[in-house]
Structure formats: structure tokens, C-alpha cells
Engineer: 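Next up is a structure, given as C-alpha cells.
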Amino acid sequence: MATLQLFNTLSGKVEPLTPVGTPDLRMYCCGPTVYNYGHIGNFRTFLHVDLLRRVLLQFGLTVQHVMNITDVDDKIIRNATAANIPINQYTAKYEQAFFEDLTALNIQLPEHIARATECIPEMVALIQQLAAKDIAYRTEDGSWYFRLARDPEYGKLSKKDLENITDGARVDLDEYEKDAARDFALWKATKPGETSWETPIGPGRPGWHIECSAMATKFLGQSFDLHAGGEDLMFPHHENEIAQSECASGHPFARHWMHVRFLLVEGRKMSKSEGNFYTLRDLLLKGYRASAIRFLLLSVPYCNQMNFTFDGLTESTNAIDRLRTFAKRIKTGTFPQGRDESIAAATIKAEHDYTAALANDLNTAEARAAIFDLVRAANTAADHGTLHTENAAEILRVLTLFDAVFAVLEDHDADLTRAALAWAEREGRLDQAAPELLATLALSDADIDALVAERTQAKKTRNFARADAIRNDLLAKGILIEDSKDGVRWKRK
RNA sequence: GCACCGAUGGCGAAGUGGCUAACGCGCUGGUCUGCAAAACCAGUAUUCAUGGGUUCAAAUCCCAUUCGGUGCUCCA
């Protein structure tokens, strides 16, 4: 069984990722702050964590995977206050939307979902531990801060020297109360009108970093195998998590740290002001398939910056079509009995290359290439009649391995698009949907089957004008007809 | 401003000292087809941002420049 070699931000080296102390690989991944719909940058991270998880499972490990939901923070409080609703009502909507999006992207759910608001006692206990060592201190207004001067290892993840980062210190209303400018908030005192919790350390709400320390420890213990998140979280978020957790417990926190790099959109930084900021739902309404979005976001390895483009989405759509067409051919085609040695060798090579690529720091681009090499070799063989039944079975097994990780071969795209349209209708956003999309989905499968049957009949009577008219009409509505030896097929483009 | 990362064909992208620079998409020609589609075959970067240097040998190492990104402040 292969072992995953994964870059570790903490050591700066590629190292094997294996469970220590328990049979399960224990991993914690920073989840969303549920104050809005998730954008494609968010999902690049969640997709690569999903890929990691699927690779670990494929490599024979079991995992205990925790993801947090940040359901209390400044933005949530601000937006809920503006909407004049309680924060839990505000976050419930976006949390539900987030899980719908995970489903659309075929992202597996972690074993544990941890909501910040449900783990307040654990956070308070952690702050008390730090307070007992005089590492946490309380300011006059009732907030608690972490005394950075007490952590000599601070900066080891992001390779920062404390001396060099003080100039960028945050200017904050509370700053005058802190002992040192870089000390960060563990607990924020109640401000008028804000949600707060009555606790043994006083009323207030959690600071940003404390929830991940508390929840990771709650579900995985003081030390665990892997902590992952977007590259921007490395500092200060993850650095602060390490500081809090290790100073409190006296034990190493996560052994291995993985950071997913940012994406660009059409070569530019994604931002609302650039006008290139997209949520998953935006793309579905434009008519792009969920599977194509998944495949594109996974096609560039996590450790590289990727350029997300609409041409890339079209490319991914076409690439998936080719894979699906191929899978169908292998599953349903008729082949001569027996086994061809050269195809068998190509199949074994593809499986080997595919596995080696993923084991090598999750090189998804090379893993993809290995599968496409197999597709070409097998299609050529099938065209020449040298692909045999045993070859088909072996190829199908490799395709199954591939799809257990990439998860794009099963076609749920039309249903997912319909669901997105139904959501847009409820939200009054139907005007954002592409017109061609509405035309395509207006046709039911039965309608299409009827037209295809009519065309087949027209062809039999050599009425090609009528047959072509039907085909062109359907094509204009996004339905592609293919005649083959085994009969007529159609698919939605 | 300081620190770090990146720049590979029409587009996306792998490769990080040594076989003809993967793979996908696109495009061109061919096979098949009533015509298409799918599939296959052939072609599609003498060259890896630019300028120097190291080496028998560089896309891969070093220096400089240009451009893009990230962190230093909320951010996947």
C-alpha cells in the first residue's frame, strides 16, 4: 500500500503522512465562516482537503476528520445586526447553503462537524489553563489576551521572527490595554448589543483563533496528525493556534501542516472590485457543470497557485465528457474473450503512475495524465479489436480507483443545475441564469427521447433533411445526438 | 517599504541538472459516417518571461531586470 508523501509547512520538507498513536489518521481542517455563500477560492481549499482524505482512504488508512464551522465572528455579528435577526438565524441559512455546495461538488463530509457556538465551554477551559500559567491575562474591559512574550517558539510555522513583525501591528481600539502590541485576543469582552456568553472568565465571545485549538483538541486530542487550511491562514491564525494549544498542554499540537495556495481568476486576484468574484452558485447559473468545476479546481496541485478561467471550465467539461464516454464504452462495450498482454501492461503502468503521482505530494496533474494515457491506449486497442474482456475488467478497476478520488464520472450535473435554478427562483435571482440553460432544462428526458425516436424514423425513410433539422434544433438547446453501432445516444452539453 | 512564491505551446498545466519538454483542451488534415458526433491516426513549443553567469550538460543552479501573487492587517 502506498504511503502519502506530503509537504509539511512546519518542517519545510516533504514527509510521509502516517498516523501516530492511533490507527486513525487524525486531521483538522479549517472550515468556513458562515456569513455568505462560499466562493470558488473557498472551494478550492475544501476540494483539495477532500482529495487528500480520499487518497488516504484509498491508501488503506482510516481517518478521523474534523471541520469547524465558525458561526460567530465580527462579520456575522455585523451582518445579523444589520438584518435585525439573531446570529444563529443568520448563520443557519449560510451553513445550509454551504453543505448544499459541498454535496454539489461531491465533497465527502468529515467525521465531525464542530460549531464554534457549541464549544464555548471547551474554549473557556483552554483560556483558564493559559491563565493559570499567567500566559493569558485579562484587561480592564474584561477581554483576555495571549502573552506572546511567553512563547519562545512563536513564529515557527510561518518562519517569522517576532522582532520583524511588530511594525505591522494591528491598530485596534483595545490596543492600549494590551501589554504588547502583538498579543492577540483569546476572548472579547461584551460590547453593547453584541451576542455574548456568560462564563467563568466573564461575559463575552471567543476570539478568532481559540475555537480551532479547543475543537481540534476536543475531537482529536492534544496532539494529532494533520492540520490543513488555506495559505492565508498560516499567519496569524495557525501560528496562534499552535501558540495557544502548545502553551496550554505542553505537548506538540499538529505534527503536519498543509496549506492550499490561492487561485487567480482570469489571471487576476479574485476580488469583488475586480468584478471576478464567483460563488459556486454564480457558476452553476451561468451553465457550468458542478463536475467541471470540481475537476478544474482539482487539476492543478494544491501546492501551486492556479489560474481559474472560463476557458478552463469548458476544457474540463470536454475532458470529463471524454472520460465518461470512455467509461461507458468499457462498461457496456462487447469485446472478445481473453486478455491482451500489451493492454494489460499499459493498464498496470497507468495504475502505478496514477498512484505514484498522488503519493508524491498529491500531484493531481500527473495522476490525471496517467489516466488519459490509459484512455488513449484502450480506445486505440478497442478500435483495433485487440481489447479483450479481461482487459476491460482491469481498466474498469483502474477507472474506479481514479473516480474514488476525483469523483467526476457519475453524472448528476443536470439535477444539480436544476437545484441551483430552484434556489435562484426562491431568492429572486433567476435573471442571473443563462438563457440557454433555461431552454435546455425545459426539455425533459422523455421529450428528448421522443424527438430522437422521430429522427431515427426519418433516417430510416432517408428523410435526412427532417433528421438533421431535429438534430440541429436539439443541438441549439444543448442536446447532442450521437449515432453509433450500438444505437443512438444523446447527452446534455 | 520589508519578506516569501511564481513566470513553460493558442489556452490550462506537469516536469526542477542529462532520453525526441508529459497530459488535457483547442486548431489543421485524414479514417469512419448519408452528413455529423464519438473514437482513432498524423500535425501543431529546436524551446521553457528578459539579460548575464556556472557546468561537458540548464526549463531545471546563481545574479539582475520586468510582470503576477501572497504575508506583514479581515481573507480559502
Side-chain angles (χ1 to χ4, degrees), chain A residues 29-33 35 38-49 73-75 158-161 164-172 182 208 228-237 239 259-264 266-271 295-297 299-326 328-329 333 353 357 360 363-384 459 462-465 467-468 471-472 475 480-486 488-491 493:
Chain A
C29 304
C30 288
T33 301
Y35 72 104
H39 58 69
I40 52 176
N42 298 124
F43 290 116
R44 165 148 144 108
T45 298
F46 298 130
L47 277 165
H48 279 279
V49 170
D73 90 322
D74 294 346
K75 287 187 289 288
S158 52
K159 319 288 185 259
K160 284 187 191 304
D161 182 347
N164 293 338
I165 55 176
T166 45
D167 26 300
R170 175 178 46 178
V171 179
D172 177 354
R182 297 300 301 178
W208 174 29
E231 64 170 322
D232 57 309
L233 296 181
M234 196 162 87
F235 185 90
H237 183 54
E239 199 71 71
H259 291 97
V260 180
R261 293 206 60 189
F262 269 26
L263 55 72
L264 304 181
E266 302 289 348
R268 311 290 311 171
K269 176 185 177 166
M270 180 171 77
S271 73
F295 200 49
L296 177 59
L297 289 172
S299 291
V300 178
Y302 79 94
C303 50
N304 293 346
Q305 187 172 66
M306 86 163 284
N307 186 15
F308 183 97
T309 64
F310 288 101
D311 285 349
L313 277 176
T314 304
E315 180 225 300
S316 291
T317 304
N318 294 342
I320 290 173
D321 273 344
R322 182 163 171 218
L323 292 172
R324 287 178 179 170
T325 301
F326 174 71
K328 191 177 281 180
R329 182 179 198 182
D353 289 352
N360 178 21
N363 192 332
T364 49
E366 288 199 335
R368 248 184 69 142
I371 295 305
F372 279 107
D373 282 340
L374 178 62
V375 170
R376 190 175 357 86
N379 268 326
T380 303
D383 277 5
H384 290 61
K459 277 180 58 177
R462 302 195 65 79
N463 182 357
F464 294 121
D468 290 353
R471 186 173 66 195
N472 291 334
L475 189 60
L480 186 70
I481 293 182
E482 297 174 5
D483 297 328
S484 78
K485 278 193 284 263
D486 311 316
V488 186
R489 292 189 296 256
W490 62 264
K491 64 188 180 190
K493 285 193 79 174

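Numbers restart at 1 for each chain; the letters A, B, ... are given by sequence-line order, proteins then strands.
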Engineer: Over all strands shown, is A/R471 touching base, sugar-phosphate only, or nothing at heavy-atom distances under 4.0 angstrom?
Structural biologist: base
Engineer: Should B/U33 form a Watson-Crick or G-U wobble pair with both distances under 3.5 Å, which nucleotide is its partner?
Structural biologist: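 Pair assignment: B/U33 / none.
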Engineer: Taking a pair as Watson-Crick or G-U wobble with both distances under 3.5 Å, which nucleotide is matched to B/U44?
Structural biologist: B/G26
Engineer: Under 4.5 Å between any side-chain heavy atoms of A/L263 and A/N307, yes or no?
Structural biologist: no
Engineer: Has the side chain of A/D468 got a donor or acceptor that lies under 3.5 Å from a partner of the other kind on the base of B/G34?
Structural biologist: yes
Engineer: Heavy atoms under 4.0 Å, any strand shown: does A/G41 hit a base, just sugar-phosphate, or nothing?
Structural biologist: base
Engineer: Of the options B/C11, B/A76, B/C23, whose atoms approach the side-chain atoms of A/F372 most closely?
Structural biologist: B/C23
Engineer: Taking atom P in both B/U55 and B/A14, compute the distance separating them and give it to the nearest angstrom.
Structural biologist: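 Those two atoms are separated by 32 Å.
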Engineer: Measure the shortest side-chain to side-chain distance between A/F310 and A/T314 over non-hydrogen atoms and say whether it is less than 4.5 angstrom.
Structural biologist: no
Engineer: Considering every strand shown, what is the Watson-Crick or G-U wobble mate of B/C2 when both distances are under 3.5 Å?
Structural biologist: B/G71
Engineer: For A/L263, answer base if it contacts any base atom (sugar-phosphate contacts may also be present), sugar-phosphate if it contacts only those atoms, and nothing otherwise; contact means non-hydrogen atoms under 4.0 Å.
Structural biologist: base
Engineer: With side chains defined as the heavy atoms from C-beta onward, is the minimum distance between A/E482 and A/V488 less than 4.5 Å?
Structural biologist: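 Not in contact.
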Engineer: Categorize A/S484 for me: base, sugar-phosphate, or nothing, with a 4.0 angstrom heavy-atom threshold over every strand shown.
Structural biologist: nothing
Engineer: What does A/H39 touch in the nucleic acid at a heavy-atom separation under 4.0 angstrom: a base, only the sugar-phosphate, or nothing?
Structural biologist: base
Engineer: I'd like the P distance from B/A64 over to B/C4, given in whole Å.
Structural biologist: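 It works out to 11 Å between them.
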Engineer: What contact category does A/P301 fall into here, base, sugar-phosphate, or nothing, at under 4.0 angstrom with non-hydrogen atoms?
Structural biologist: sugar-phosphate
Engineer: In Watson-Crick or G-U wobble terms, both distances under 3.5 Å, what is the partner of B/C56?
Structural biologist: B/G18
Engineer: Identify whether a stacking contact exists between A/F464 and B/G34, where the ring centres must be under 5.5 Å apart and the planes under 30° apart.
Structural biologist: yes
Engineer: Work out how far the P atom of B/C48 is from that of B/G43, and round it to whole angstrom.
Structural biologist: 23 Å
Engineer: Just checking A/K459: base, sugar-phosphate only, or nothing, at a heavy-atom cut-off of under 4.0 Å?
Structural biologist: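 Answer is base: heavy atoms of A/K459 come under 4.0 Å of a base.
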Engineer: Counting any heavy atom closer than 4.0 Å, what does A/N304 reach on the DNA or RNA strands: base, sugar-phosphate only, or nothing?
Structural biologist: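 A/N304: backbone/sugar contact only, no base atoms under 4.0 Å.
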Engineer: Ring stacking, A/F46 with base of B/A76, under 5.5 Å and under 30°?
Structural biologist: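 Ring-base stacking flag not set for A/F46 and B/A76.
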Engineer: Would you say the side chain of A/Q305 and the base of B/G69 hold a donor-acceptor pair, judged only by whether the two atoms sit under 3.5 Å apart?
Structural biologist: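 Donor-acceptor pair under 3.5 Å: no.
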Engineer: Please determine, for B/A7, whether a Watson-Crick or G-U wobble partner exists with both distances under 3.5 Å, and give it or none.
Structural biologist: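 When the pairing criteria are applied, B/U66 turns out to be the nucleotide that pairs with B/A7.
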Engineer: We want to know whether A/E239 and A/S158 form a side-chain donor-acceptor pair, criterion being a heavy-atom distance below 3.5 angstrom.
Structural biologist: yes
Engineer: Between A/N307 (CG) and B/A14 (P), how many Å, whole number?
Structural biologist: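 So the two atoms are 11 Å apart, to the nearest Å.
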Engineer: How would you label the contact of A/N318 with the nucleic acid (heavy atoms, under 4.0 Å): base, sugar-phosphate, or nothing?
Structural biologist: sugar-phosphate
Engineer: Mind checking if A/D73 touches a base, just sugar-phosphate, or nothing, with heavy atoms under 4.0 Å?
Structural biologist: nothing
Engineer: So does A/S158 get a side-chain nitrogen or oxygen closer than 4.0 Å to the phosphate oxygens (OP1/OP2) of B/G71?
Structural biologist: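 Answer no for this pair, as no side-chain N or O of A/S158 is under 4.0 Å from OP1 or OP2.
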Engineer: Answer yes or no: is there a side-chain heavy-atom contact under 4.5 Å between A/R44 and A/R261?
Structural biologist: yes
Engineer: Within the 4.0 Å heavy-atom criterion, would you say A/N363 contacts the bases, only the backbone, or no part of the nucleic acid?
Structural biologist: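 Answer is sugar-phosphate: A/N363 comes under 4.0 Å of backbone atoms only.
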Engineer: Does A/V300 reach a base, just sugar-phosphate, or nothing at all? Heavy atoms under 4.0 Å.
Structural biologist: sugar-phosphate
Engineer: Identify whether any heavy atom of A/L233 sits under 4.0 Å from a base atom; if not, whether one sits that close to sugar-phosphate; answer base, sugar-phosphate or nothing.
Structural biologist: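 Counting heavy atoms under 4.0 Å across all strands, the contact made by A/L233 is with sugar-phosphate only.
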Engineer: Ignoring backbone atoms, establish whether A/R489 has a side-chain N or O less than 4.0 Å from OP1 or OP2 of B/A37.
Structural biologist: no
